[in-house]
Amino acid sequence: MDTPQERQHGNGKSGFAPERRHFLKTVGGAAGLAALFGADALRGVEAAVAGTTGMTPQQAAAEETLWSEVQQAFSISRSLVNLDNGYTCPAPRVVTEAVIRYIWEQEPVPYGPYVQESRDKMAVVKTGLARIFGCDTGEIAVVRNATEALKTVLYGFPLKPGDEVLTTTQDYGSMVATLRHREQRGGIKLTQIDIPAPPKSMDEVVGLFERAFTPKTRFIFVSHISYTTVMIFPVKKICDMAHERGLEVVVDGAHAYGHLDFKHADLDCDYYGTSLHKWLLAPKGTGMLYIRKPYIEKIPPLMSGPSPRQNARMRKYESVGTQSMAPLIAIGEAIAFHNAIGSKRKEERLRYLKNYWAGRLQKTSKIKLYTSLVPEMSAGLAAVGIDGVDMTGLQEYLWEEHRIRTSRGIYARGEEVQWVRVTVSLYTAPSELD
Ligand SMILES: Cc1ncc(COP(=O)(O)O)c(C=O)c1O
């Protein structure tokens with residue numbers, strides 16, 4: 001018997017009505033997303049955005065009339081200051097309400113037909129996700145988070161003893177642990193390039209990669225934005241260098257998708273994994289995996305074996321047993337919200353807010369920023385330390401005494417350094433940063 005997911009994705013026997021297929025075809029674009037998902041709830045934000053017509057995204061970034069309307073779209077508590085939006089970001093009200101609405105829709109009816117009925121909405125969700133990324137819909141799978149997306153590739157990439165994988169000291173611990181696991185199990189070698197915090201320039205980082213390739217390197221694993229010093233990596237240059245050598249690149253996009261305004265062509269990576277509950281502001285427990293079409297077949301899913309006819313399809317990564325459809329469908333509302341604000345406008349607002357606090361602190365002699373404020377090297381996050389101050393203690397103090405939530409990091413490079421990571425969101429008000 002088919003699982004609900006197999007039914008959701010179709011088994012060739014679906015009774016999907018032809019008029020619905022037509023509907024899908026005609027609403028697959030951005031207008032379709034708004035029509036299907038929460039158009040009314042977005043009207044205030046759309047009107048405020050229309051009020052910035054004629055402004056560049058950089059000018060709109062400082063236009064508080066727009067952003068106070070955006071702040072109203074969230075249901076966050078103003079009794080605390082949340083500057084830990086890199087863990088997962090509170091979703092706008094339109095998304096939360098959609099999750100609840102879809103739960104109410106799915107509960108009174110048998111689940112099989114409901115999952116089947118959800119297919120058109122999920123197709124629109126995937127069209128929207130692929131459009132933001134600038135790839136074919138057949139190259140993405142909706143998964144549960146960046147962890148699932150990236151581990152699928154890191155565990156599944158075919159390697160033999162003696163092969164080498166290149167990553168950096170700034171890549172996410174759990175992904176590095178996966179590669180270490182492969183080292184122990186399969187006799188491969190993992191090399192971590194030591195990246196300064198911050199590097200002087202993108203070229204310095206490119207040079208470090210260039211020197212680290214060996215004839216045994218098989219693939220590169222690199223973050224689009226690192227979780228530690230939160231720098232933007234020169235992914236396109238790294239991909240170009242790798243491709244010249246016949247190598248593939250896996251990119252950890254957990255902090256970049258929905259945050260930076262970019263398309264796949266700006267990176268040209270072969271694999272990309274991201275959470276959608278971070279910067280796209282989608283429901284918690286949602287993520288996306290991209291694989292360049294010719295490589296889909298060689299990467300097995302983490303769970304279960306696909307039937308041979310599924311092996312070249314991204315759907316094989318979505319067969320993880322029964323799930324609630326509600327958060328998956330509500331990704332559509334998050335896409336509509338993202339599109340209503342506009343990708344570039346969003347990136348520039350997040351960068352503006354980061355510069356608002358970090359630019360001022362930079363002028364203080366005891367402050368050390370581990371993140372470069374050069375626009376191409378950072379956007380909405382920055383990591384900061386203070387000479388002679390225990391930053392772990394400071395992070396606890398800020399939360400316990402002032403209800404200001406940040407996250408903390410430790411980075412061992414020669415000597416161990418600690419910092420506090422400050423991550424703004426679209427609902428952050430400059431007064432909170434003051
Ligand atoms: C760079 C990076 N990659 C991957 C992840 C894992 O994300 P998730 O827990 O949503 O799977 C995180 C989480 O913070 C991260 O910072």
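Just follow the structure's listing: the first ligand is 1, and inside any ligand the first atom is 1.
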Please classify the [X] to ligand 1 contact at 4.0 Å (heavy-atom distances, strictly less than): side chain, backbone, both or neither.
X: A146; value: both
X: E148; value: neither
X: T147; value: both

Heavy-atom contact check, 4.0 Å cutoff: does R144 meet ligand 1?
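Checking ligand 1 against R144, which is what was asked, there is no heavy-atom contact under 4.0 Å.
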Give me the atom names and distance for the closest heavy-atom approach of [X] to [Y].
X: A383; Y: T228; result: CB-O, 3.9 Å
X: P327; Y: T286; result: O-CG2, 3.8 Å
X: C269; Y: R292; result: O-NH2, 3.3 Å

What's the shortest distance from [atom] to any protein heavy atom, and which residue and atom give it?
atom: atom 14 (O) of ligand 1; result: K278 NZ, 2.6 Å
atom: atom 5 (C) of ligand 1; result: Y172 CE2, 3.4 Å
atom: atom 7 (O) of ligand 1; result: S275 OG, 3.5 Å

Using a 3.5 Å cut-off on N or O atoms only, is [X] in polar contact with ligand 1?
X: Y227; result: no
X: D252; result: yes
X: H255; result: yes
X: R421; result: no
X: S226; result: no

Spacing of CG belonging to D240 relative to CZ belonging to R245, to within rounding of 0.5 Å:
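Rounded to the nearest 0.5 Å, the CG-CZ separation comes to 11.0 Å.
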Hey, are R93 and S75 close enough side-chain-wise for a donor-acceptor pair under 3.5 Å?
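Distance-only check fails for S75 and R93.
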Less than 6.0 Å separating the ring centroids of Y257 and H224?
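Judged by ring-centre distance (under 6.0 Å), Y257 and H224 do not meet the cut-off.
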In the structure I gave you, are the side-chain heavy atoms of E105 and Y114 within less than 4.5 Å of one another anywhere?
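The answer is yes; the side chains approach within 4.5 Å.
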Is it possible for you to check whether K298 lies under 6.0 Å from the centre of the six-membered ring of F157, through NZ or CZ, and within 45° of that ring's axis?
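Cation-pi check for K298 and F157: passes.
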Donor-acceptor pair, side chain of S407 and main chain of D84, under 3.5 angstrom
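The answer is no, because no donor-acceptor pair under 3.5 Å joins these two groups.
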Near H277, which atoms of ligand 1 are under 4.0 Å from a heavy atom of that residue?
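Near H277, the atoms of ligand 1 are 10 (O).
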